[in-house]
Amino acid sequence: MQLEKVYEPQRFEPHWAQWWIDAGVFRAATHSKANGTFSLVIPPPNVTGSLHMGHMLEHTEIDVTVRWHRMLGENTLWLPGMDHAGIATQMVVERKLAAQGIDRRAIGREAFEAKVWEWKAESGDTIKCQMIRLGTSCDWSRERFTLDPGLSRAVREVFVRLYEKGLIYRGEYMVNWCPGCRTAISDLEVSHKEAPGNLWHLSYPVVGTDRFLVVATTRPETMLGDTAVAINAKDERYKDLHGRKVRLPLTGREIPIILDDLADPEFGTGAVKVTPAHDLNDFECGKRHGLKSIRVIDETGKLTAEAGVYTGLDRFEARKRVVEDLEKAGVLERVEDYTLNLGRCDRCNTVVEPLVSTQWFVKTKPLAEKAIQAVESGAIEIVPENWIKTYNEWMYNIRDWCVSRQLWWGHRIPAWYCDACGEIIVAREEPASCPKCDGSALRQDTDVLDTWFSSGLWPFSTLGWPDQTEDLKTFYPTSLLITGFDILFFWVARMIMLGIEFMGEVPFKQVYIHGLVRDADKQKMSKTRGNTIDPLVVTEQYGTDAVRMALLTAAAPGTDIVFTQERMESSRAFANKIWNAARFLFMNMERSGVEPSESFVLDSEPVTLEDRWIFSRLNSCAEQVNRAIAQHRYHEVAQTLWHFVWDDFCDWYIELKKLRFQENSGLNSDWRNILSAFEAMLRLLHPAMPFVTEELWQQLGEKSAGRPISIVLAAYPQYSVEKTDVAAEKEMETLQAIIGAARNLRAEMKVDPKLRLTGTLYSRGDAQKTAAAHSLAVQKLANLNLDWGGETAPADIGAMRSTTEFDLVLHLPAAQPEAQRGRLEKERDQLEKVIANSHRQLSDEAFVSRAPEKVVTSIRQKLAEYEAQLQKVRASLDALS
RNA sequence: GGGCGCUUAGCUCAGCUGGUUAGAGCGCCUGCCUUACAAGCAGGAGGUCCACGGUUCGAUCCCGUGAGCGCCCACCA
């Protein structure tokens with residue numbers, strides 16, 4: 001049993017990922033809550049998971065919020081994203097098609113799918129989609145390019161039920177239309193950004209007078225579709241224009257002047273043009289006044305036949321032309337610079353066009369009320385809780401959700417239209433004939449649903465709903481959802497609304513919201529910026545465990561995660577450290593003929609100080625880690641583990657054990673304890689670093705009776721009071737302090753590390769006893785032989801370091817007064833500072849009388865210690881001069 | 001226009017309910033190729049905790065104001 005000298009995670013990570021899946025540990029783990037271990041955590045192959053890395057996935061765009069921590073709750077289930085894989089696939093396919101010069105929009109749904117399959121057959125290519133292996137919906141190996149049938153069924157079921165309850169309706173409404181994608185998109189998919197623009201002031205002649213009414217607009221081309229001009233009824237300036245009409249320039253149409261609050265007397269000229277077909281406010285105003293709606297821009301962003309001479313022009317070209325013509329006509333009063341908030345499509349960055357069209361909507365108000373209640377009542381706990389405010393803000397101001405999309409890929413809307421009588425049929429299965437007129441010419445709606453509609457069903461659709469399956473009973477509601485704040489509304493809010501609606505119960509009890517992973521310059525990762533990180537590349541480079549650990553250490557709640565190379569490098573060093581600790585153990589086992597399967601005992605009896613100490617430390621490490629996990633303080637988990645592994649286990653415990661091996665190549669008791677501590681450490685580390693811990697854990701011992709087949713299934717270390725060994729920790733602290741003092745002095749005095757020194761230890765407590773008991777440790781770790789003095793060292797003795805417990809004096813081959821003086825003066829200054837500070841506090845009447853006694857006495861105690869130390873330092877300084 | 005957050009060592013950040021000589025990683029300096037690990041070991045330097053005011057016996061922490069930075073939401077022409 002030997003490990004390669006070079007740590008190469010790539011050699012065992014894929015193996016373990018595959019093994020876990022093949023062995024079905026995935027399912028087993030899900031159901032093993034009975035023994036109190038965990039519910040589910042398998043890091044998907046090659047995905048670093050652990051935190052929200054959706055932004056980093058160039059290949060797949062799958063949300064891989066993978067749960068790495070497993071012992072969180074009794075009912076924790078976490079599977080990766082579902083039909084996002086489908087959308088991602090579509091995008092990848094589109095990209096590849098585009099490279100072949102094929103525009104999917106030009107060819108229609110059926111032709112598109114056919115093309116995809118033809119292309120796939122030709123290229124023999126596979127789409128990289130890590131989630132496939134875990135049984136999600138998008139699977140290229142299936143015979144058709146289809147969505148998961150179970151999910152499709154759930155989607156249809158939900159749609160039909162909402163429709164029957166009147167919570168889904170089909171209507172004409174103003175939607176955000178993306179002329180680039182040629183589909184409607186939801187409000188959330190529009191991102192607003194400020195952009196420089198103009199405000200054009202146009203003067204419309206008032207019919208039957210010689211007056212003009214000046215309106216201001218940021219989009220002059222829409223004036224072609226104006227059907228009114230609004231003024232405020234209270235606006236004194238326009239009192240005399242009530243009931244009149246204006247003649248619309250360029251078209252010559254006469255349109256009414258209406259009274260509406262849309263017109264704000266404070267803004268601009270107080271008069272506003274009304275274009276019901278191309279602006280939401282105008283649309284609503286139009287409805288109030290029964291105005292006609294004239295569409296002058298079509299789905300492709302070109303001007304319609306209604307636009308007269310401008311027909312067929314692109315909307316931006318049309319704007320130029322309209323402005324020119326308005327100027328020629330002398331109605332362009334003036335132009336001013338104006339910053340406008342331009343909405344663009346999240347996906348393709350095209351300027352969104354508000355367009356009236358017929359779409360399917362979900363009435364969200366009734367759903368939102370229950371969702372608000374769920375958080376308010378504490379049925380769902382959001383962590384950190386400041387997100388509740390954001391959540392409520394959105395829920396209270398929620399608007400109906402446009403769920404139909406004019407895309408090719410997705411769940412098709414289960415609605416059919418009868419050609420004969422126009423009836424709309426919403427049904428679970430394709431109807432044979434129209435229930436109203438019995439006609440058989442039925443067409444299914446070609447629109448598909450918003451991807452978040454099906455994603456919103458995730459907590460129950462994945463569990464077999466609408467069937468009452470065992471899984472559904474066991475895992476609904478789940479205990480925890482971990483996600484990034486960027487999809488709080490998109491996904492979390494909708495899961496809550498739909499979950500409550502269809503299950504009558506919240507979908508999860510806790511939502512932990514973490515920050516976004518940002519690049520080294522703190523920029524949000526996005527494809528348009530080109531600063532995304534491909535997890536497949538970085539995990540290949542540093543190892544999955546290292547990347548996970550790097551993310552964890554950076555994941556303080558409420559803050560974003562900066563993803564830097566340095567952090568990954570140091571995490572890789574950490575993984576390497578663990579690897580080498582194991583290597584050391586295995587080499588020595590070989591040397592001393594220890595068989596792992598024999599010596600591997602779980603609850604061994606500690607014999608030596610270092611064993612008692614490491615077990616005690618391990619115990620408090622388990623306590624801290626478990627607590628930090630419960631509080632979602634993941635960076636603290638990482639930090640605690642790091643400190644334990646590196647400082648306690650490697651730098652002290654192993655160093656001390658080396659001495660045992662030098663003495664006697666290790667007694668059985670040594671081996672039992674080392675291996676026990678190491679094994680427990682691996683289990684503690686496993687959620688953070690699953691691969692390296694599994695690899696080492698497997699190598700550590702043969703499958704013996706009662707031992708699980710995988711570390712994933714082994715119990716997570718827990719704290720217990722009786723495992724705390726205060727005496728051992730105290731003694732070890734003293735030993736560390738003595739060695740530390742000696743090392744410090746040696747370095748300070750520039751003593752050759754190879755030179756064995758002698759020293760004298762003066763002790764006021766157990767320091768001499770401790771040093772005597774562990775003289776070999778002092779000798780080897782500090783290269784020092786000690787003899788014993790009294791309680792306090794005389795002042796005039798050379799190099800000395802003191803604590804409250806002891807004075808350590810080193811006998812140097814040559815006096816080095818200068819080095820000593822510098823050191824002592826510095827120490828003196830420091831002490832004088834803190835002493836002055838303490839004095840100031842203690843002489844303050846108010847402080848002494850009002851501060852808690854505990855605080856006052858502790859300061860008194862410290863002051864005494866400082867003063868004692870200062871005295872020694874001063875005496876030594878005097879002795880020097 | 002509303003809302004949220006940040007400002008601590010050269011860099012990236014911790015610091016959970018106010019009291020420690022304010023911490024970590026990286027970087028830097030000094031010395032070590034000590035057969036687990038140079039992706040390492042030992043030691044060290046480095047901070048007016050953004051500014052000003054307030055509350056308090058006591059403020060990096062709580063409150064207010066200001067400065068700088070970032071994010072989210074919003075249909076004002």
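Reminder, nothing fancy here: chain letters follow the sequence lines and each chain counts from 1.
- If you take CZ of Arg591(A) and P of A36(B), they are 7 Å apart, rounded to a whole angstrom.
- Between Trp646(A) and C41(B) there is a side-chain N or O to OP1 or OP2 distance below 4.0 Å.
- Relative to the side chain of Lys577(A), the nucleotides C75(B), C4(B), C41(B) differ in distance, and C41(B) lies closest.
- At A45(B), one or more side-chain N or O atoms of Lys826(A) fall inside 4.0 Å of OP1 or OP2 (strictly under the cut-off).
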inquiry  = I'd like to know whether Cys285(A) forms a side chain to side chain contact (heavy atoms under 4.5 Å, CB included) with Ile258(A), so could you lay out the CA-CA distance, the side-chain angles of the two residues, the decisive distance to 0.1 Å, and finally the verdict.
reply    = CA-CA 10 Å; Cys285(A) 173; Ile258(A) 56 169; 3.7 Å; yes
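- The separation of G44(B) from C49(B), taken at their C1' atoms, amounts to 23 Å, rounded to a whole angstrom.
- Thr217(A) comes within 4.0 angstrom of sugar-phosphate atoms only, judged by non-hydrogen atoms across all strands, and of no base.
- RNA chain B forms stems at B:1-7 with B:67-73, B:10-13 with B:23-26, B:28-32 with B:40-44, B:50-54 with B:62-66, each a run of 3 or more consecutive Watson-Crick or G-U wobble pairs whose two key distances fall under 3.5 Å.
- With hydrogens and angles disregarded, a donor-acceptor distance shorter than 3.5 Å links the side chain of Asp400(A) to the backbone of Thr364(A).
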message = For Asp260(A) and Asn232(A): C-alpha separation, side-chain torsions, deciding distance, then whether side chain to side chain donor-acceptor pair (under 3.5 Å) applies.
response = CA-CA 5 Å; Asp260(A) 197 283; Asn232(A) 197 298; over 6 Å; no
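- In summary, of the residues considered (Tyr7(A), Trp642(A), Trp579(A)), a ring-ring contact (aromatic ring centres under 6.0 Å, His included) with Phe574(A) occurs for Trp642(A) alone.
- Comparing Asn837(A) and Glu393(A) by the nucleotide of RNA chain B that holds the closest heavy atom to each, the one mapping nearer the 5' end is Glu393(A).
- An OP1 or OP2 oxygen of G44(B) is reached within less than 4.0 angstrom by no side-chain nitrogen or oxygen of Arg743(A).
- Between A36(B), G3(B), C57(B), one nucleotide has an atom nearer to the side chain of Cys650(A) than all others, and that is A36(B).
- Residue Lys273(A) is out of contact with every strand shown, counting any heavy-atom pair closer than 4.0 Å.
- Comparing Arg850(A) and Ala556(A) along RNA chain B, the residue whose closest nucleotide (by nearest heavy atom) sits nearer the 5' end is Ala556(A).
- Arg572(A) places its CZ atom 13 Å from the C1' atom of G40(B), with the value rounded to the nearest Å.
- Interatomic distance, OH of Tyr512(A) versus CZ of Arg633(A), reported as 9.0 Å (0.5 Å rounding).
- Under 4.0 angstrom from either OP1 or OP2 of A77(B) there lies at least one side-chain N or O belonging to Tyr338(A).
- Between Lys658(A) and the phosphate of A36(B), there is a side-chain N or O to OP1/OP2 separation shorter than 4.0 Å.
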